[in-house]
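Note that the structure is a prediction, hence the values are computed from the model and not measured.
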Amino acid sequence: MIKKRIIPCLDVKDGRVVKGIQFKGLRDIGDPVDLAMYYNEAGADELVFLDISKTERGHALTLDIIQQTAEQLFIPLTVGGGIASIDDISDLLKHGADKVSLNSAALNNPELIRQASEKFGRQCICIAIDSQYDSELDDYFCCTHGGKKRTDKRVYDWVQEVESLGAGELLVTSMDFDGMKQGFDLKHLNGIAERVNIPIIASGGGGNARHFTELFTQTPVSAGLAASILHDKETTVHEIKQELENGGVPVRWP
């Protein structure tokens, strides 16, 4: 049975890790390199590094910080935020990223997914989806620019398209659940899982260890992402994994 992954997420703005609620009200958490070292020792399965200021304002890739972070890790590192080209992806992989996460650039130019998958291998290409529910249309739509801009692209259509283009993994953030700590959007995640055959990382809503047991027993997703509850030491990677193991969910132990 495939073991489930617990993945801390570092949202980085101007070189500092930050966290908000529903992508708003960002507060300073700390230094990304220090936090990466902490999670590496804490038993995390992977680490996601999202440069949220890059997409919003546009600036050079923070390759120095990414390389410093990668040098401290013995676990896979996924880097996202403002990646716009094959050259960007190449630079990130050369500076220590194991995978890249594409959102806005992929929506603007879906062919980038195919080109990147063919050049670097689909295992390196993760498509991040900031999903927002529209109650009037009873459907989910993709957002860009840190969740600030909603597109006309429907999530259920997009996930099938990116898989066909060569994406190796999805990182799905349910924006309405983000930072609320009331549990994951299980219905939405199951809806996505019914449409694709690639691994899904679930993000948005994890408030305690029990929520991760619900996530993995009630959906087929491969991994759960967590940020504020880990940053604020409300729980730990070890406590989440212990809860999962007690609930019969297979996990990796360092």
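Interatomic distance, CG of Asp176 versus OG of Ser174, reported as 8.0 Å (0.5 Å rounding). Distance CG/Leu35 to CZ/Arg16: 8.5 Å, rounded to 0.5 Å. Put simply, CD1 on Ile66 and NZ on Lys94 are 14.5 Å apart, with the number rounded to the nearest 0.5 Å. One finds the CZ atom of Arg252 at 9.0 Å from the CD1 atom of Ile2 (value rounded to the nearest 0.5 Å). Note that SG of Cys126 is 5.0 Å distant from CG of Leu171, once rounded to the nearest 0.5 Å. Note that CD1 of Ile6 and OG1 of Thr236 are 10.5 Å apart. Values are rounded to the nearest 0.5 Å.
With no hydrogens or angles considered, no side-chain donor-acceptor pair links Asp139 and Tyr133 at under 3.5 Å. A donor and an acceptor atom, one from each side chain of His231 and Tyr38, are nowhere located under 3.5 Å apart.
Of the residues Val12, Asp11, Val17, the one that meets the side-chain contact (heavy atoms from CB on, under 4.5 Å) test with Ile29 is Val17. Screening Leu92, Leu73, Thr78, Ile65 for a side-chain contact (heavy atoms from CB on, under 4.5 Å) with Phe49, the sole residue that qualifies is Ile65.
Under the 4.5 Å side-chain heavy-atom criterion for Ile, Leu, Val, Met, Phe, Trp and Tyr, Met37 and Tyr39 are members of distinct hydrophobic clusters. The hydrophobic cluster containing Leu63 also contains Val100, counting ILVMFWY residues as joined when their side-chain heavy atoms lie under 4.5 angstrom apart, directly or transitively. When the side chains of ILVMFWY residues are joined at heavy-atom separations under 4.5 Å, either directly or via intervening members, Phe141 and Val155 end up in two distinct hydrophobic clusters. A continuous path of hydrophobic side-chain contacts links Leu244 to Trp253 [ILVMFWY only; heavy atoms under 4.5 Å].
Closest approach of Ala116 and Ile125 over heavy atoms only: CB-CD1, 3.6 Å. Between Ala193 and Ile200, the shortest heavy-atom distance links the atoms CA-CD1, 3.7 Å. Of all the heavy atoms in His211 and Gly206, the pair that sits closest is ND1-C, 4.0 Å. When all heavy atoms of Asn208 and Ile229 are compared, the pair lying nearest together is N-CD1, 4.2 Å. The nearest pair of heavy atoms linking Pro110 to Leu165 is O-CD1, 3.4 Å. Across all non-hydrogen atoms, the minimal contact from Gly43 to Pro254 is CA-CG, 3.9 Å.
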Would Ile240 and Leu230 satisfy side chain to side chain contact (heavy atoms under 4.5 Å, CB included), going step by step from the backbone distance to the final call? CA-CA 10 Å; Ile240 292 172; Leu230 295 178; 4.1 Å; yes

Take His188 and Tyr156 through the test ring-ring contact (aromatic ring centres under 6.0 Å, His included) and record every step on the way to the result. CA-CA 9 Å; His188 186 34; Tyr156 292 136; 5.3 Å; yes

Applying side chain to side chain contact (heavy atoms under 4.5 Å, CB included) to Ser203 and Phe177, what does each step give before you reach the verdict? CA-CA 9 Å; Ser203 172; Phe177 285 64; over 6 Å; no

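Thr173 is not listed as a side-chain neighbour of Ile129, based on a closest heavy-atom distance of 4.5 Å or more. Side-chain contact between Glu214 and Arg210 is present, with at least one heavy-atom pair separated by less than 4.5 Å. With contacts defined as side-chain heavy-atom distances shorter than 4.5 Å, the pair Leu47/Asn40 does not qualify. In this structure, Leu107 and Cys142 have side chains that are in contact, with non-hydrogen atoms separated by less than 4.5 Å. Using a 4.5 Å heavy-atom cutoff, the side chains of Leu10 and Leu50 are not in contact. Taking 4.5 Å as the limit, some side-chain heavy atom of Ser228 sits within range of a side-chain heavy atom of Lys181. Contact check for Leu112 versus Ile86: side-chain heavy atoms found under the 4.5 Å cut-off. Counting heavy atoms from C-beta on, the side chains of Glu161 and Lys153 come closer than 4.5 Å.
In this structure, Lys241 does not pair ionically with Glu245, as no charged nitrogen and carboxylate oxygen lie closer than 4.0 Å. With salt bridges taken as basic N to acidic carboxylate O contacts below 4.0 Å, none links Asp134 and Arg154. Looking at Glu46 and Arg5, a side-chain N of the basic residue comes within less than 4.0 Å of a carboxylate O on the acidic one, giving a salt bridge. No salt bridge links Lys149 with Asp130; every basic N to acidic carboxylate O contact stays at or beyond 4.0 Å.
Within 6.0 Å of the CG atom in Leu137, the count of heavy atoms belonging to other residues, nucleotides or ligands exceeds 12.
Scanning for side chain to side chain contact (heavy atoms under 4.5 Å, CB included) contacts around Arg122 gives Ser117, Glu163, Ile198, with sequence neighbours left out.
For Thr219 (side chain) and Leu215 (main-chain N/O), a donor-acceptor pair under 3.5 Å exists by modelled atom type. Of the possible polar contacts, none joining the Asp45 side chain to the Val251 backbone as a donor-acceptor pair under 3.5 Å is found.
Between Phe184 and Phe212, the ring center distance clears the sub-6.0 Å criterion.
A cation-pi arrangement is absent between Lys187 and Tyr140, since the terminal nitrogen or guanidinium carbon is not both under 6.0 Å from the aromatic centre and inside a 45° cone about the axis.
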